Amino acid sequence: MADTILLAKGVTKRFDGLTAVHNVTYEVKAGETAGIIGPNGAGKSTFFNLLTGFFIPDEGQIFYLGEEITRTPSYERVNRGIVRTFQLVSVFDTMTVLENMMLSRIRQGRDYRSKRRFFFKSVYHPDLVDECLQALDTLGIADKADIKTSDLSYGEKRELEIVIALSLNPKVLLLDEPFAGLSPIEIGHISRVVQQLSGKFAILIVEHKISKLVELVERLCVLNEGTLVCSGTPGKVICDPQVRECYWGKEETA
Amino acid sequence: MRMIKRLERSPTLILAVITAGFIIFGYSTSILKITDFIIFCIYVLGYDLLYGHMGRLSFGHMLYLGAGAYGTALCAKYLSSNVFLAILCGILFGAAIGGILGPILIRTKGACFALLNLAFNQVGHFLVLVPLAKITGGEDGISLHFTGYRFLDFSNIHQLFFLSLISLILVAFLIIKFTHSPYGILLKGIKENETRVNFLGYNTYRYKLITFVLSTTIAAFAGALTTLNYNYANPSFIDPHRSVEVIFATLMGGAGSVLGAVIGGAAFMTISNYLPRYILRWEMFLGLALLIIAFKFRKGIWGYIREI
Ligand SMILES: Nc1ncnc2c1ncn2[C@@H]1O[C@H](COP(=O)(O)OP(=O)(O)O)[C@@H](O)[C@H]1O
Ligand SMILES: [Mg+2]
């Protein structure tokens, strides 16, 4: 039995009148790779926002490593190891790729805890630059280091976002639709990266399309209109008649 | 073009150009006037830290300049005749006002931040004019005479000119250091997408507050020097109507760079000091200039030069 790392207990989030997430209880176990699927507007991103502290739930609680974090600010959660990516890739377009990388590394580097270094020393410290280039190289984008991030392709931005997430030393990594908007080749690339990371820390992936997740995750849940409908191994979930009705029924009329 | 790139890369060169520029400008026109220009440039630099670097537009930055000016004047009048103590007093007063209002203001952004600053500026202006008139001299302000300190005597216009210039260089140096440091990149991040910075594990509130207080402190420094320069402090130093001047100067020069701020400050002061001699309703031309900048030179004078 693996330990629970992240636990949502009966969380509910309403947006004036609309209940985006309704009484969801869900847990992520240490080291597992889990997936949540659901049609557009099912509340997947909202659920992520609750886990990461972007929203505070109207009801319910969230626990991380046994401690309640329902109201813990998001930066604090990141520092404790809950790291996320965004459905719409979110990197800093006005900076270079290297600067993007530095901004996340600095936070983790112990050297930069000193105020003098943080406020007055040049950020282009050889050790830091090396470290960042190495990190970028893990996804093969080190040669783009000096390019303005706005000039990257969407797929490259997604890769950068993932490198940044990894540099934050995640204990649990939350990926919000990491394949959305990517070409099949890029999807393959990101899939392989996720497979390599599997087991190193807990990963929770939210996706709109079920097909991308089947071979990636050990456990799959379905979220529909804010409620969890079904959960189990990917094979079992696909065959569940309830899922077919609420999910496939709407999305892909075969 | 290569020269401009080189200039931008080298902090020493930037500071040297600013120093040389003002000395030449000052001694070929009027020292007294150019001292005013330099002090205004310090103010613009402080404002640019908040607006250009962190992306927070304020309509009430005169409050902090005024805090510095009155802090200095009140200290000189009631506490001590030591000039340096008076300047320090002004700076600390501006920092304190920033530290008190900051936690409220910095939670907001956009129009709300801009207008809340204006509101506090109006309150400050009113306080100086009416309820605190007994201390601040109300409409008339406070007249002062600063005595010298050993060989230093800032009633000597040359000495004051160089005090202001050294102050400007010091502030510019600090800001250049900031922009190249991790803190500078963090500010860039906050300007573009604050939430995202939060999700990198930074408590953005803390850094926004630090930046805000730094900005008010620099504005107060400029205010302290203004009092020294005029030998008085009066309500026009805290007048919210004048808050637009610094925004104008920042936009004119180009937001987010030290050279932009200094060029903008000098350009604005040149227009507002010399144009009225020739044209009665010169403000109209200021408006026209703003229109041209808004449509043609989005990134200001310096932003335009560096891109050609
Ligand atoms: N900030 C918000 N304000 C109001 N409604 C929102 C907000 N965020 C999401 N919603 C609504 O909540 C529902 C769930 O959205 P979301 O979590 O983004 O779904 P998904 O990610 O599964 O596509 C949608 O109906 C959406 O319109
Ligand atoms: Mg979504």
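Every chain is numbered from 1 and lettered A, B, ... according to where its sequence line falls, protein lines coming before strand lines. Treat the numbers as computed from the prediction; the structure is a model and nothing was measured. Excluded from the calculations below are hydrogen atoms, water molecules and symmetry mates; all remaining heavy atoms, backbone and side chain alike, are included.
- From A/Phe119, atom CZ reaches atom CG of B/Leu174 across 11.5 Å, with rounding to the nearest 0.5 Å.
- Heavy atoms of B/Phe173 lying under 4.5 Å from chain A are absent altogether.
- Within a 6.0 Å sphere centred on CG of A/Asp146, heavy atoms belonging to other residues, nucleotides or ligands number 12 at most.
- For B/Thr195, the part lying under 4.5 angstrom from a heavy atom of chain A is the side chain only.
- The neighbour count for B/Tyr51 OH, taken as heavy atoms of other residues, nucleotides or ligands under 6.0 Å away, does not exceed 12.
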(request) For the pair B/Phe199 and A/Arg84, evaluate side chain to side chain contact (heavy atoms under 4.5 Å, CB included) and give the outcome as yes or no after the intermediate values. (result) CA-CA 8 Å; B/Phe199 278 105; A/Arg84 73 173 295 178; 3.7 Å; yes
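- Taking every heavy atom of both residues into account, B/Leu200 and A/Leu168 meet most closely at O-CD2, 3.6 Å.
- Nearest heavy atoms, B/Gly201 versus A/Asn79: O-ND2, 3.0 Å.
- Heavy atoms of other residues, nucleotides or ligands lying less than 6.0 angstrom from OH of B/Tyr304 number 12 at most.
- When heavy atoms are compared at a cutoff of 4.5 Å, B/Ile210 approaches chain A solely by way of its side chain, counted from C-beta outward.
- Under a cut-off of 6.0 angstrom, the local environment of NZ in B/Lys191 is crowded, with over 12 non-hydrogen atoms contributed by other residues, nucleotides or ligands.
- Taking the six-membered ring wherever Trp is involved, the centroid distance between the rings of B/Phe178 and A/Phe120 falls below 6.0 Å.
- Two rings, from B/Tyr202 and A/Tyr75, have their centers 6.0 Å or more apart.
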(request) Verify side chain to side chain contact (heavy atoms under 4.5 Å, CB included) between A/Val123 and B/Ser181, making sure each step is shown before the conclusion. (result) CA-CA 5 Å; A/Val123 72; B/Ser181 72; 5.9 Å; no
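- Heavy-atom distances place the side chain of A/Ile164, and not its backbone, under 4.5 Å from chain B.
- Pairing each heavy atom of B/Pro182 with each of A/Ile106, the nearest pair is CB-CD1, 3.6 Å.
- Taking B/Asn193, B/Asn203, B/Ile176 one by one and counting their heavy-atom pairs under 4.5 Å with chain A, the maximum is reached by B/Asn203.
- For residues 86-101 of chain A, the interface with chain B (any heavy-atom pair closer than 4.5 Å) comprises A/Phe86, A/Ser90, A/Val91, A/Phe92, A/Asp93, A/Thr94, A/Met95, A/Glu99, sorted by residue number.
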